[in-house]
Protein chains: 2
Amino acid sequence: MTLALDDAAQDLLFRAARTANSFTDEPVDDEQIRAVYDLVKYAPTAFNQQPLRVVLVRSAEARERLVRHMSEGNQAKTAAAPLVAVLAADHEFTTELPTQFPAFPQAKDVFFAERAVRERSAAFNATLQVGYFILGVRAAGLAAGPMTGFDADGVAKEFFADGDHSVLAVVNIGKPGPDAFRPRGPRLAYDEVVTTV
Amino acid sequence: MTLALDDAAQDLLFRAARTANSFTDEPVDDEQIRAVYDLVKYAPTAFNQQPLRVVLVRSAEARERLVRHMSEGNQAKTAAAPLVAVLAADHEFTTELPTQFPAFPQAKDVFFAERAVRERSAAFNATLQVGYFILGVRAAGLAAGPMTGFDADGVAKEFFADGDHSVLAVVNIGKPGPDAFRPRGPRLAYDEVVTTV
């Protein structure tokens with residue numbers, strides 16, 4: 001069985017790509033992130049809700065505020081990465097929903113009137129978008145270093161003052177440096193993951 | 001700014017790919033799903049935990065049991081799709097963790113001793129993998145129809161008797177049929193999603 005996706009793309013996104021733990025000094029500019037976003041924005045979310053929000057942490061002051069909330073093992077690499085992105089779910093994605101899902105503009109009130117439902121939906125769909133974003137960084141020829149080891153409430157308070165966002169991941173981005181990669185871990189076999197009924 | 005990923009791959013995975021709401025009769029065999037899995041398994045999860053579990057719903061009897069739990073608007077297309085996959089998070093991913101994350105075999109007990117922590121981590125990381133899986137289906141030249149409109153507890157009881165899984169998505173898979181696609185929805189602009197600090 002041959003995939004429709006060409007081998008070079010399979011390697012770039014999945015097989016050769018690796019989580020990077022160190023980076024070169026080469027900067028990552030906003031145009032690169034714009035190109036990533038303009039690709040991955042097309043991947044699907046429920047009701048086209050697109051709850052992902054991204055904060056690019058560029059200034060030294062902001063980087064310091066972020067690093068403080070990272071777990072100890074993630075602090076040095078987060079401080080040193082050329083670019084760091086904070087990825088969050090916007091619980092109030094419903095503000096944009098009538099324009100983003102014009103087929104059923106009432107969805108906002110019919111399905112998402114309750115805050116708990118909005119939070120759950122935003123978290124799930126923004127997490128899908130975190131996955132798309134990681135692959136998008138790789139599509140730009142960059143390496144991603146996604147992390148979940150941080151104080152999520154602390155990061156949310158620093159970067160989303162409105163209290164309406166939950167922080168899902170922090171992603172270091174750049175060109176991989178020397179010794180950037182740990183040995184590739186094993187993967188579960190198909191039969192351990194997939195069953196047929 | 002040109003991405004490293006070639007244009008054909010960008011189209012196949014993101015720009016031309018669309019959520020399908022109907023399919024042709026062409027079957028989707030296990031070898032195709034194996035090829036999808038053998039590609040997307042490489043995408044990253046925290047501690048390489050790989051909590052995603054997939055049930056391919058093939059038999060008429062199982063398909064009927066699934067359709068019963070789908071929301072009304074999803075029933076006909078789920079009944080008719082060449083293949084339907086139930087995607088779930090395994091809360092007991094820690095059973096495999098010592099072999100899958102050999103760098104720190106104690107992670108199971110140090111980080112994941114509490115059930116609530118395991119559940120949260122499994123749901124987040126398996127949701128990343130749902131995103132990878134959807135793109136993997138597209139990489140195989142197939143269309144995906146991911147759905148979240150179903151009774152998740154009902155589906156879990158039907159297909160995961162152990163009570164240790166949460167069902168995240170149900171995905172119809174096949175070649176798109178006539179009128180498979182709704183009009184492409186809009187997307188949020190870069191500046192509505194990404195900010196810099």
Side-chain angles (χ1 to χ4, degrees), chain A residues 1 3-6 8-10 12-15 19 30-35 37-44 46 48 50 52-59 62 96 99-101 103 124 127-128 130-132 134-135 139-141 146 148 159 168 182 185-188 190 193-197, chain B residues 1 3-6 8-10 12-15 19 30-35 37-44 46 48 50 52-59 62 96 99-101 103 124 127-128 130-132 134-135 139-141 146 148 159 168 182 185-188 190 193-197:
Chain A
M1 162 71 198
L3 295 171
L5 186 70
D6 61 89
Q10 293 181 38
L12 182 70
L13 299 183
F14 294 101
R15 272 201 304 256
T19 290
D30 284 2
E31 288 316 298
Q32 289 170 287
I33 302 303
R34 188 181 287 267
Y37 177 70
D38 281 339
L39 181 69
V40 301
K41 69 183 181 187
Y42 291 113
N48 197 31
Q50 308 167 70
L52 181 71
R53 301 294 178 268
V54 179
V55 175
L56 303 178
V57 182
R58 288 206 176 274
S59 72
E96 286 81 28
T99 59
Q100 298 302 306
F101 195 70
F124 174 77
T127 301
L128 292 180
V130 171
Y132 305 147
I134 291 167
L135 298 182
T148 51
F159 297 101
L168 302 171
R182 305 214 181 96
R187 289 298 186 271
L188 296 172
Y190 179 81
V193 171
V194 184
T195 53
T196 301
V197 295
Chain B
M1 163 73 200
L3 295 170
L5 187 69
D6 61 89
Q10 292 180 38
L12 182 70
L13 299 183
F14 294 101
R15 272 201 305 255
T19 290
D30 284 2
E31 287 317 297
Q32 288 170 286
I33 301 303
R34 186 182 289 268
Y37 177 71
D38 281 339
L39 181 68
V40 301
K41 69 182 181 187
Y42 290 113
N48 195 30
Q50 309 167 68
L52 181 71
R53 300 293 178 269
V54 179
V55 175
L56 303 178
V57 181
R58 288 206 176 274
S59 71
E96 286 81 27
T99 59
Q100 298 302 306
F101 196 69
F124 174 78
T127 302
L128 292 180
V130 171
Y132 306 146
I134 291 168
L135 298 182
T148 52
F159 297 102
L168 301 171
R182 304 213 181 96
R187 290 297 186 271
L188 296 172
Y190 179 80
V193 172
V194 184
T195 53
T196 301
V197 294

Between [X] and chain B, with a heavy-atom cut-off of 4.5 Å, which part of the residue counts as in contact: side chain, backbone, both or neither?
X        : result
A/Thr127 : both
A/Glu96  : side chain
A/Thr196 : both
A/Leu188 : both
A/Tyr37  : side chain
A/Leu39  : both

Where [X] and [Y] come nearest, the two heavy atoms and their spacing:
X        : Y        : result
B/Pro44  : A/Pro146 : CG-CG, 4.4 Å
A/Leu128 : B/Gly131 : CD2-N, 3.5 Å
B/Ile134 : A/Tyr132 : CD1-OH, 3.9 Å
A/Tyr42  : B/Arg187 : O-NH2, 3.0 Å
A/Ala9   : B/Ala9   : CB-CB, 3.7 Å
B/Tyr190 : A/Leu56  : OH-CD1, 3.8 Å

Point-to-point distance, once rounded to the nearest 0.5 Å, from CG of A/Leu5 to CG of B/Leu5: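 Answer rounded to 0.5 Å: 7.0 Å.
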Which one wins on heavy-atom pair count under 4.5 Å against chain A: B/Arg34, B/Arg58, B/Lys41?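 The answer is B/Arg34.
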Between A/Ala62, A/Gly185, A/Ala139, the one whose heavy-atom pairs under 4.5 Å with chain B are most numerous: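 It is A/Ala139.
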Taking A/Val130, A/Asp6, A/Thr148, A/Thr19 one by one, which has the highest count of heavy-atom pairs under 4.5 Å against chain B? A/Asp6
Is there side-chain contact between A/Thr195 and B/Phe159, with heavy atoms separated by less than 4.5 Å?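 They are not in side-chain contact.
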CA sep, side-chain torsions, deciding dist, call: A/Leu13, B/Leu135, side chain to side chain contact (heavy atoms under 4.5 Å, CB included): CA-CA 11 Å; A/Leu13 299 183; B/Leu135 298 182; over 6 Å; no
